[in-house]
Amino acid sequence: MKELVRMEGIEKRFPGVHALKNARFDLQSGEVHALMGENGAGKSTMMKILSGVYTRDGGTIEVDGRPVGFDGPGAAQDAGVGIIHQELSLMNDLTAAQNIFIGREPRRRFGRLDEAALNSQAADIFSQMNLDLDPRTPVHQMTIAKQQMVEIAKALSYRSHILVMDEPTAALNDAEIADLFTIIRTLRSEGAGIIYISHKMDELKQIADRVTIMRDGETVGTVPAADTPINEIIQMMVGRSLSDSALELADFEHDNVALEVNGLTRGHEIRDVSFKVHKGEILGFAGLMGAGRTEVARAIFGADPRDSGTLMIHGKQVDIKSPRDAVAAGIGYLSEDRKHFGLATGMDVRANIVMTNLKQFSSSLGVLDEAAMQATAQDYIERLGIRTPSDRQEVRLLSGGNQQKVVIAKWLLRDCEVLIFDEPTRGIDVGAKAEIYKLLIELAAQGRAIIVISSELPEVLRISHRVAVMCEGRLTGILDRQDATQESIMKLATLTMREPSTNKRAAQ
Amino acid sequence: QDKLYIPMISKGFQHQFWQAVKAGADQAAEEFGVEVTFEGPDSEAQVDRQIDMLAAALAKSPDAIGFAALDSQAAIPLLRKANEAGIPIVAFDSGVASDIPVSTATTDNSAAAALAADKMAEFIGGAGQVAVIAHDQTSSTGVDRRDGFVNRIADTYPDIEVVTIQYGAGDQLQSTEIAKSILTANPELKGIFGTNEGSAIGVVNGVRESGAKDIVIIGFDSGAAQKEAIRSGLMVGAITQNPVGIGYETVKAAVLTIKGESVPEVIDTGFYYYDANNIDDPEIAAVLYD
Amino acid sequence: MTSVNTEARPGLFSKLVASGAHQKLLAFASLVILLVGFTLASPNFMQVSNIIAILQATSVNGVLAVAATLVIITGGIDLSVGTLMTFTAVMAGVVLTNLGLPLPLGVIAAIGAGAFCGFCSGSFVAKMKIPPFIATLGMMLILKGLSLVISGTRPIYFNDTPGFDLISNGSLIGMLIPSLPIPNGVLILFLVAGATAYILSRTVLGRYCFALGSNEESVRLSGVNTDWWKIAIYSLAGAIVGIGGLLIASRLNSAQPALGLGYELEAIAAVVIGGTSLSGGRGTILGTLIGALIMAVLINGLRILSVAQEWQTVVTGAIIILAVYADMVRRKKSA
Amino acid sequence: MTSVNTEARPGLFSKLVASGAHQKLLAFASLVILLVGFTLASPNFMQVSNIIAILQATSVNGVLAVAATLVIITGGIDLSVGTLMTFTAVMAGVVLTNLGLPLPLGVIAAIGAGAFCGFCSGSFVAKMKIPPFIATLGMMLILKGLSLVISGTRPIYFNDTPGFDLISNGSLIGMLIPSLPIPNGVLILFLVAGATAYILSRTVLGRYCFALGSNEESVRLSGVNTDWWKIAIYSLAGAIVGIGGLLIASRLNSAQPALGLGYELEAIAAVVIGGTSLSGGRGTILGTLIGALIMAVLINGLRILSVAQEWQTVVTGAIIILAVYADMVRRKKSA
Ligand SMILES: Nc1ncnc2c1ncn2[C@@H]1O[C@H](COP(=O)(O)OP(=O)(O)OP(=O)(O)O)[C@@H](O)[C@H]1O
Ligand SMILES: Nc1ncnc2c1ncn2[C@@H]1O[C@H](COP(=O)(O)OP(=O)(O)OP(=O)(O)O)[C@@H](O)[C@H]1O
Ligand SMILES: O[C@@H]1[C@@H](O)[C@H](O)OC[C@H]1O
Ligand SMILES: [Mg+2]
Ligand SMILES: [Mg+2]
């Protein structure tokens with residue numbers, strides 16, 4: 001074992017934010033070193049400094065025992081540091097293979113490209129990853145999960161001996177996570193060092209050797225993963241212990257249907273989906289990547305056109321053609337892709353929070369009431385613990401998890417009767433996650449109907465009254481809370497249906 | 001179908017001057033029972049656009065073509081083509097440096113501008129600073145008028161200095177701003193010559209807006225605003241061509257050529273100096289347009 | 001939980017930096033440098049009458065640039081401002097001169113025609129999903145042609161509408177303060193700019209302007225009728241261009257149907273020099289005003305110096321690049 | 001090992017759809033409709049000589065549009081193509097006529113001057129971080145002025161360089177097939193387009209073109225020297241414009257120093273009508289060629305029909321909007 005990385009006394013300031021205060025970190029060869037901390041603790045910033053994206057304001061970095069100061073990502077790559085960024089950063093118009101090898105494409109003479117070699121090399125990486133993806137697929141046609149896999153493939157292709165993974169599994173399902181872990185273990189056995197950032201606590205025990213915990217830009221400590229209880233790690237992260245008590249779900253009104261979806265169909269993505277959500281109920285939606293859950297949500301919300309199918313709200317049929325109609329009918333939707341669909345990232349926190357509801361803050365002439373907007377924004381910042389220097393901070397400067405909270409705030413403010421949360425806790429830290437669960441349950445208890453789409457089965461199981469499971473665009477079954485287990489869900493999630501009649505029965 | 005067809009490819013069509021040429025051509029068309037179309041590029045810089053127009057006109061196998069060349073050399077290959085196809089060309093407004101055109105109906109722009117210089121000298125008393133706001137830096141009418149004016153001053157009036165020449169693209173607003181800056185920069189200025197309608201009106205506006213007194217303005221061409229300025233005394237006088245005559249004579253020469261009759265090589269449509277005194281004389285009024 | 005910034009207590013300067021106020025202060029720099037430079041270079045430059053001439057030269061382009069700013073903040077672009085200006089002037093001419101109706105109706109006609117054409121462009125963009133560049137390029141050509149058609153390719157004079165020329169050339173301020181005969185056109189520019197700045201920063205319309213430019217899809221998914229708002233913004237921009245049409249018609253006391261081509265690039269240049277981003281989401285009216293002034297000062301100054309016209313063009317090009325470069329450097333420093 | 005696509009075996013049609021080939025086939029639709037329409041409307045339209053006239057009218061704008069396509073795919077825009085074309089023509093004139101050097105040097109001068117100016121624009125954009133709109137607007141003005149300065153505001157004729165006019169007006173094809181006297185200018189357009197299409201799809205430069213337009217930051221984070229590549233792309237575009245300069249100079253047998261303003265919008269229109277996105281990342285040269293042809297056919301056809309000039313403008317504007325709209329609808333359907 002030799003030391004690959006040592007970072008000491010790292011300082012980083014952004015306007016209004018002291019992001020890193022005397023932070024430290026080290027990485028040995030042949031280990032997976034997890035970096036944990038609440039949203040905004042400084043994990044991504046630390047790693048961006050290591051990989052040459054940001055320059056540090058203070059401190060020292062040694063790579064392979066030599067002090068370094070990378071002046072750009074290229075220099076870090078040359079020194080063997082590879083990184084998978086938290087935010088997807090792919091070239092959407094290029095194919096998977098073209099993305100992976102950007103800057104290193106196989107060439108013939110005179111700068112001509114060797115596309116065949118490019119595609120076959122990419123295919124090789126995919127097969128190592130056990131990933132079924134045509135290297136010629138343009139990125140913009142892929143789901144977020146597939147895009148994440150391409151990012152991973154790209155990082156792997158560098159064969160770096162120091163590999164940073166910033167929340168690589170946030171968009172992945174269990175099967176893909178398992179594949180990723182296999183890859184990580186192989187890399188580790190070959191002597192590489194992996195820095196692993198995640199908010200999924202259960203992954204720690206599976207993959208990490210050591211854990212370093214950060215809080216408020218400082219390094220709290222480093223502990224061995226195997227013999228440190230999760231609770232202790234959480235306590236180090238949040239500075240207090242969280243009660244792990246089971247969440248109390250209030251009963252819902254079984255005879256009061258809030259939203260009824262009948263025969264929803266759109267191309268091959270959604271095939272004849274029917275279900276009901278009741279007032280006060282949380283209906284979980286489970287399924288494998290690409291099962292069509294997001295598509296169903298978007299179709300209900302009017303974000304995409306439907307081929308057929310009817311929607312009823314409180315027993316009355318509604319005709320939803322656009323998100324505006326949906327919001328007017330009392331349906332809210334939090335997209336799984338906050339960067340593209342959830343936020344105006346160039347605008348400040350305040351503007352984003354009030355975006356769904358400007359009418360409430362304007363006079364009849366359309367003049368805005370800044371003071372009221374500020375008060376409201378401040379209120380949500382406190383309620384959800386959004387970590388931001390002020391409500392005037394641009395959202396793009398917040399950490400990923402805090403951005404997610406801004407999206408939630410904006411829909412809480414709109415106060416819809418039916419709320420669809422698509423991957424609401426993606427990239428959210430444990431502490432905040434628990435708060436969001438509490439919030440969802442509270443919202444349900446107040447009489448709202450809630451749909452939660454999540455790829456984390458434990459999450460679905462914890463907070464759902466019932467669990468709807470999808471596979472290949474069909475609803476393959478709805479399980480009651482007492483019947484829902486990881487096993488029963490996975491069975492339905494992999495159930496390729498042939499007979500539509502079975503589908504109907506299952507949907508009852 | 002038997003009606004003769006004569007497309008006119010002009011240097012422009014938006015200026016009032018060209019509308020007057022068109023009016024003359026239409027008048028002749030009516031009189032001789034022929035069909036005339038009138039077309040020209042947006043700006044006098046667009047030599048190639050004019051060539052495209054000429055090419056499209058040729059494709060219509062017309063009986064003759066009226067042509068006001070932006071650059072006479074550039075058009076020669078196409079004119080040759082027309083010649084080979086037996087389509088007579090009548091040049092108008094400005095000549096073509098070639099013997100292909102059977103006739104040319106034109107104004108002698110240098111001579112016209114020289115007359116403007118004489119008038120300028122007369123009204124400023126033979127000494128002092130003057131400026132020119134020209135409508136184009138590269139087209140032949142722009143260059144001829146600028147040089148005609150400047151050369152006459154240089155040759156004949158040693159005490160007059162042309163302090164600056166600027167170009168306003170014949171755009172009224174641009175010429176207005178230019179006139180104002182010239183007045184600011186040259187407090188001693190005594191007169192300004194505007195080389196076409198837009199330039200001249202720009203000078204008038206500029207002098208009016210800046211409140212400068214006793215500036216002698218000599219214009220070119222006519223148009224309602226320019227006539228009004230002359231009547232009110234703001235503009236001393238202007239040179240006018242005979243645009244209606246140019247249009248009329250062009251079509252007439254084309255018709256005669258088609259009929260096999262001979263036409264003069266050059267039809268000098270003439271130019272005139274007009275001011276408040278003679279503006280309403282019948283022979284002047286006939287060559288002015290609104 | 002949110003203990004950010006407990007330790008960092010910024011001083012006044014860094015506060016200013018964070019609020020971006022210094023940027024606006026610094027944005028004057030290029031303008032000031034030009035003013036000082038020209039004043040030193042020519043004694044004729046810094047005179048009240050010349051400053052007024054510069055302001056007046058800014059008025060039309062300034063109004064067009066204000067309109068263009070709105071559209072550019074939404075992430076669009078408006079190439080039709082120049083010929084739309086002409087079209088609205090012609091409409092005023094038709095109403096006032098050809099139909100002989102009273103002045104207020106002419107004003108309404110110009111502004112209404114502007115708003116209507118903006119509505120059309122906006123609909124092309126929002127409803128037909130035509131890229132703004134193409135939608136407004138098409139409109140630019142359509143309006144150019146229509147102005148000629150409607151006017152019969154002839155200027156329309158406003159001789160029968162007494163007072164029309166006062167819209168731009170009169171001076172209310174001069175009546176009150178005789179030593180400061182600032183023409184109404186300039187006053188109108190500042191009023192239009194002030195009103196638009198207010199709309200941008202204080203109203204729902206302004207908010208959506210920025211939001212659309214920032215991330216249209218996320219705004220749509222927030223349940224906002226983005227199409228409608230976009231059309232509203234283009235319509236407002238069109239109405240403002242209508243005011244520009246009145247200004248130029250009044251200044252020339254006529255509607256010149258062939259005018260306007262090329263004014264769009266000048267307006268857009270003013271907007272960008274003023275710091276508004278062509279990719280949308282950010283921009284200020286104050287910046288646009290400064291941008292328009294920079295262009296006007298530059299051209300005026302070079303003319304006053306009697307720089308040969310071809311060199312004027314060269315210098316203008318170079319200074320546009322330099323002004324924006326200076327702005328970039330400033331921002332980078334402050335970021 | 002890589003068992004991609006085992007399960008999904010698409011039919012021929014869906015394969016075509018997936019490959020986007022149908023889109024390119026369909027992109028001809030607007031063009032074909034125009035051609036058929038004009039042929040029916042006028043017997044003079046569909047003649048070999050008129051088709052050749054159309055192609056020749058396309059040649060210069062086509063070459064400029066090809067150059068603009070490169071820049072637009074990177075997510076930039078090039079407003080300087082028109083005056084750069086003029087500038088390169090003037091440079092050829094200086095070398096051939098004023099200095100009396102032999103023809104090949106004139107060709108090199110034009111293309112070299114183009115590449116050099118492209119290099120400057122590219123450096124402004126990449127190194128000085130000036131938005132492409134402003135960098136190339138500045139260049140447009142600088143080059144406009146310099147063309148006048150260098151030429152002494154007079155056209156430069158190529159009378160002393162025999163054969164210069166053959167570059168564009170001669171016909172190699174016509175020498176082989178006398179009934180098909182397609183001018184060399186058209187041939188050159190197709191060669192330039194072919195070469196550029198090859199570069200775009202088959203070389204590293206082309207790859208970075210698309211990559212930069214897609215997500216520049218991500219390319220940079222992958223360790224690519226984005227600045228360098230961007231400059232290379234602008235330089236290549238400039239060199240292509242230089243070929244356009246030779247074409248127009250040869251066609252007019254002269255370098256006209258005042259030409260070129262406004263050509264940039266036409267070139268960009270051709271690019272966008274051809275389906276290239278102004279936000280970068282996607283586009284094809286074939287589309288650009290079709291776009292340029294659509295514009296040329298439209299204008300020629302309206303002239304052949306003797307439509308009044310002001311109405312020509314109106315119709316052109318409307319058809320540009322419609323052509324792009326048709327393309328949008330098609331894409332939406334096929335998406
Ligand atoms: N470019 C920037 N400008 C200003 N502030 C920034 C910038 N980048 C990060 N920050 C701030 O620095 C702090 C640390 O952010 P960082 O992204 O490192 O958090 P993180 O630990 O990765 O959080 P998460 O788990 O949510 O991803 C946050 O308060 C964030 O708002
Ligand atoms: N932009 C797109 N282009 C093409 N196909 C898409 C696109 N988005 C989704 N799909 C396809 O639609 C289907 C449903 O995807 P969807 O995103 O709804 O799945 P999901 O169940 O929400 O899974 P995830 O966990 O990935 O969000 C999949 O077959 C997916 O490949
Ligand atoms: O050549 C024309 C000239 O004769 C006229 O006076 O003004 C406009 C010019 O296009
Ligand atoms: Mg992070
Ligand atoms: Mg999903």
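Order of the sequence lines fixes the chain letters, A, B, ..., with proteins taken first and strands second; residue numbering starts at 1 for each chain. Note: hydrogens, waters and symmetry copies are ignored here, and every other heavy atom, side chains too, is used.
Remark: D/L141 CG to C/Q312 CD distance equals 11.5 Å, nearest 0.5 Å. Going from atom CG of D/L322 over to atom CE of C/M128 covers 6.0 Å, rounded to the nearest 0.5 Å. Rounding to the nearest 0.5 angstrom, the gap separating the CG atom in D/L265 from the CG atom in C/L261 is 8.0 Å. For the atom pair C/I268 CD1 and D/L137 CG, the distance stands at 9.0 Å (nearest 0.5 Å). The OG1 atom of C/T313 lies 10.0 Å from the CE atom of D/M140; values are rounded to the nearest 0.5 Å.
Within the 4.5 angstrom heavy-atom criterion, only side-chain atoms of D/L278, from C-beta onward, approach chain C. Of the atoms belonging to D/L146, heavy atoms from both backbone and side chain fall under 4.5 Å from chain C. Looking at D/A318, the atoms closer than 4.5 Å to chain C (heavy atoms on both sides) sit in the backbone and in the side chain alike. Residue C/S277 does not touch chain D at all, counting heavy-atom pairs closer than 4.5 Å. Contact annotation for C/A135: only backbone heavy atoms (N, CA, C, O) come within less than 4.5 Å of a heavy atom of chain D. Neither the backbone nor the side chain of D/S279 comes within contact range of chain C; no heavy atoms are under 4.5 Å apart. Using a 4.5 Å cut-off between heavy atoms, C/F124 contacts chain D through its side chain alone, with no backbone atom that close. Interface residue D/E264: only side-chain heavy atoms are found under 4.5 Å from chain C.
Top candidate by heavy-atom pairs under 4.5 Å with chain D, chosen from C/S147, C/G317, C/P131, C/A308, is C/G317. Contact count against chain C (heavy-atom pairs under 4.5 Å) is highest for D/I130 among D/I320, D/L148, D/I130. In terms of heavy-atom pairs under 4.5 angstrom with chain C, the leader among D/V324, D/V149, D/V272 is D/V149. Per-residue heavy-atom pair counts under 4.5 Å with chain C were compared for D/I273, D/I134, D/L143, and the maximum is reached by D/I134.
Around atom NZ of C/K230, more than 12 heavy atoms belonging to other residues, nucleotides or ligands sit under 6.0 Å away.
Shown here for D/M139 and C/I321, the closest heavy-atom pair between the two residues is N-CD1, 4.1 Å.
Among the residues in residues 70-79 of chain C, those with a non-hydrogen atom closer than 4.5 angstrom to a non-hydrogen atom of chain D are C/I77, C/L79.
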